[in-house]
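These notes concern the structure reproduced below.
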There are 2 protein chains.
Amino acid sequence: MSAAIDRPVADACEVTLVDADRVEAARGKLPTALEIDRLADWFRLLGDPTRARILYALLEAGELCVCDISATIDVVESTVSHSLRWLRAANVVTARRSGRMMFYSLDDSHVRLLLDLGREHLAHRQGPE
Amino acid sequence: MSAAIDRPVADACEVTLVDADRVEAARGKLPTALEIDRLADWFRLLGDPTRARILYALLEAGELCVCDISATIDVVESTVSHSLRWLRAANVVTARRSGRMMFYSLDDSHVRLLLDLGREHLAHRQGPE
DNA sequence: GGAACATCTGTATCCATGTACAGCTGTCGG
DNA sequence: CCGACAGCTGTACATGGATACAGATGTTCC
């Protein structure tokens, strides 16, 4: 850990670490690869318009069957179902069966927080870009 | 708006809105398509391991040149540069030129918040799945 | 048990994009 | 000016994944 760090020998700048101490310190504090991957997966889950729409629909309506989700966000049911699969796998939504219908609702308090934070973020920079 | 909603006529469930009122109410409260797209873009930006790594590196180190970012997260400089392009375009990072080096740092308080929230979220469900 | 219906899944297609290699731009020192 | 070096970008390639269509599964009602 004190040696040359052994990285993939980039195009240039092979030894010339500008601030080796800071680099070492930061390297030590970085999340593990697993953590990073999980985090990225988690954010990518929210990074699809259809899934985001579903989440907002559930956020507003509380609980909806697939059919009503489809109607709410104007996306064909098959697509909704595929999207719900991801959300289910990530435990972001819960499904409750009632007869032949499945009622979905949010199953993660962080989701609301993140969505709100995201919206607030966008609102703050609506002017520029 | 009171009529049949005129959606893409899905596979099934064409008229049978289970809870038409709730659907209508939710539809009215949904963010606009533009908002949703922006939001999804924003989350997708954090949904790539390399970009997430870069952000964490900057979060920990404060400010780093491309070379040091590369060393910190163990990714070749070209890839880092490409990733930084997205982050720059989204105003997530700022670049400061100093001689031939570019020093990057976070330019968005929400990023820290989101990353922390994401990590906290993962920590809370580390056990399962 | 069989028809009708809500939902899920298998599969194919298409597009976005992450990555790497190579070459370009811009800056510094002489 | 010119060489050296930090960083950027063009391009090609491969892969992930979003969507749609068709068919499977599971549930209700008769």
Side-chain angles (χ1 to χ4, degrees), chain A residues 7-19 23 36-37 40-41 43-54 63-90 93-104, chain B residues 7-19 23 36-37 40-41 43-54 63-90 93-104:
Chain A
R7 69 208 153 83
V9 181
D11 321 62
C13 191
E14 297 176 12
V15 237
T16 327
L17 285 185
V18 173
D19 192 336
V23 168
I36 288 277
D37 287 344
D41 285 344
F43 280 120
R44 195 169 52 239
L45 202 69
L46 307 178
D48 172 68
T50 298
R51 287 194 292 266
R53 254 180 268 270
I54 291 176
E63 192 187 49
L64 288 173
C65 65
V66 178
C67 174
D68 282 1
I69 293 176
S70 171
T72 304
I73 67 176
D74 247 334
V75 172
V76 293
E77 288 181 37
S78 165
T79 303
V80 170
S81 202
H82 276 292
S83 297
L84 283 170
R85 200 182 188 182
W86 289 100
L87 297 174
R88 246 184 301 138
V93 300
T94 336
R96 172 178 75 85
R97 168 148 241 144
S98 170
R100 10 182 165 170
M101 287 180 282
M102 296 288 289
F103 285 90
Y104 283 89
Chain B
R7 67 209 155 80
V9 181
D11 319 63
C13 190
E14 296 176 13
V15 237
T16 327
L17 285 186
V18 174
D19 192 338
V23 169
I36 288 278
D37 287 344
D41 285 345
F43 280 120
R44 194 167 56 238
L45 202 69
L46 307 177
D48 173 69
T50 300
R51 286 194 291 267
R53 255 180 269 270
I54 292 176
E63 194 187 47
L64 289 173
C65 65
V66 178
C67 174
D68 282 0
I69 294 176
S70 170
T72 304
I73 67 176
D74 249 333
V75 172
V76 293
E77 288 180 39
S78 165
T79 302
V80 171
S81 204
H82 276 292
S83 297
L84 283 170
R85 200 181 188 183
W86 289 99
L87 297 173
R88 247 183 300 137
V93 300
T94 337
R96 173 177 73 84
R97 168 148 243 144
S98 170
R100 358 178 178 180
M101 286 180 282
M102 297 288 289
F103 285 91
Y104 284 88

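Naming convention: chains lettered A, B, ... in sequence-line order (proteins, then strands); numbering from 1 in each chain. Remember, predicted model here, so these are calculated numbers, not experimental data.
- Side-chain atoms of B:L87 and B:R51, non-hydrogen and from C-beta on, do get closer than 4.5 Å to each other.
- The side chain of B:R51 approaches C:dG18 more closely than any other nucleotide in the set C:dT27, C:dG18, C:dT7.
- By the 4.5 Å heavy-atom criterion applied to side chains, B:R88 and B:Y104 are counted as neighbours.
- Straight-line distance from the CD1 atom of A:I69 to the C1' atom of C:dA6: 12 Å, rounded to whole Å.
- In this model, the phosphate group of C:dG29 is not approached by any side-chain N or O of B:R100 to a distance below 4.0 Å at OP1 or OP2.
- When rounded to the nearest whole Å, the span between CD1 of B:I54 and P of D:dG7 equals 12 Å.
- Between A:M101 atom CE and C:dC8 atom C1' there is a gap of 16 Å when expressed in whole angstrom units.
- When the P atom of C:dA16 is taken as reference, atom CG of B:L45 falls 17 Å away, rounded to whole Å.
- Applying the 3.5 Å distance criterion, the base of D:dA18 shares no donor-acceptor pair with the side chain of A:H82.
- Atom CG in A:L64 sits roughly 15 Å away from atom C1' in C:dA6 (whole-Å rounding).
- Counting only heavy atoms from C-beta on, A:Y104 has its side chain closest to C:dC8 among D:dT19, C:dC8, D:dG10.
- Considering only side-chain atoms of B:W86, the nucleotide from D:dG7, C:dG18, C:dT27 that sits closest is C:dG18.
- Of the side-chain N and O atoms in A:T50, one or more sit less than 4.0 angstrom from OP1 or OP2 of D:dT19.
- Out of C:dT19, C:dT7, D:dG7, the shortest distance to the side chain of A:M102 is found at C:dT7.
- The shortest distance between side-chain heavy atoms of B:V76 and B:V80 does not fall below 4.5 Å.
- For the pair A:L45/A:W86, a side-chain contact is recorded, criterion being any heavy-atom separation below 4.5 Å from C-beta on.
- Within the 4.0 Å cut-off from OP1 or OP2 of D:dC8, not a single side-chain nitrogen or oxygen of B:R85 is found.
- Summary of the strand contacts: A:R97 and A:D41 both lie near DNA chain D, and taking for each the nucleotide with the nearest heavy atom, the more 5' one is attributed to A:D41.
- At least one side-chain nitrogen or oxygen of B:S81 sits closer than 4.0 Å to the OP1 or OP2 atom of D:dC8.
- Rounded to an integer number of Å, the gap from B:L84 CG to C:dT17 C1' is 16 Å.
- To the nearest angstrom, P of D:dC8 lies 9 Å from CD of B:E77.
- Between A:F103 and A:L64, the closest side-chain pair of non-hydrogen atoms is not below 4.5 Å.
- Among the nucleotides D:dC21, D:dT19, D:dG17, the one closest to the side chain of A:R44 is D:dG17.
- Note on B:F103: nothing from the nucleic acid sits closer than 4.0 angstrom, heavy atoms only.
- The CG-P distance, from A:D48 to D:dG16, rounds to 17 Å in whole Å.
- A sub-4.0 Å separation between OP1 or OP2 of D:dC21 and a side-chain N or O of A:S78 is absent.
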- request: Could you check B:I54 against B:S83 for side-chain contact (heavy atoms from CB on, under 4.5 Å), going step by step and ending with a plain yes or no?
  value: CA-CA 8 Å; B:I54 292 176; B:S83 297; 3.6 Å; yes

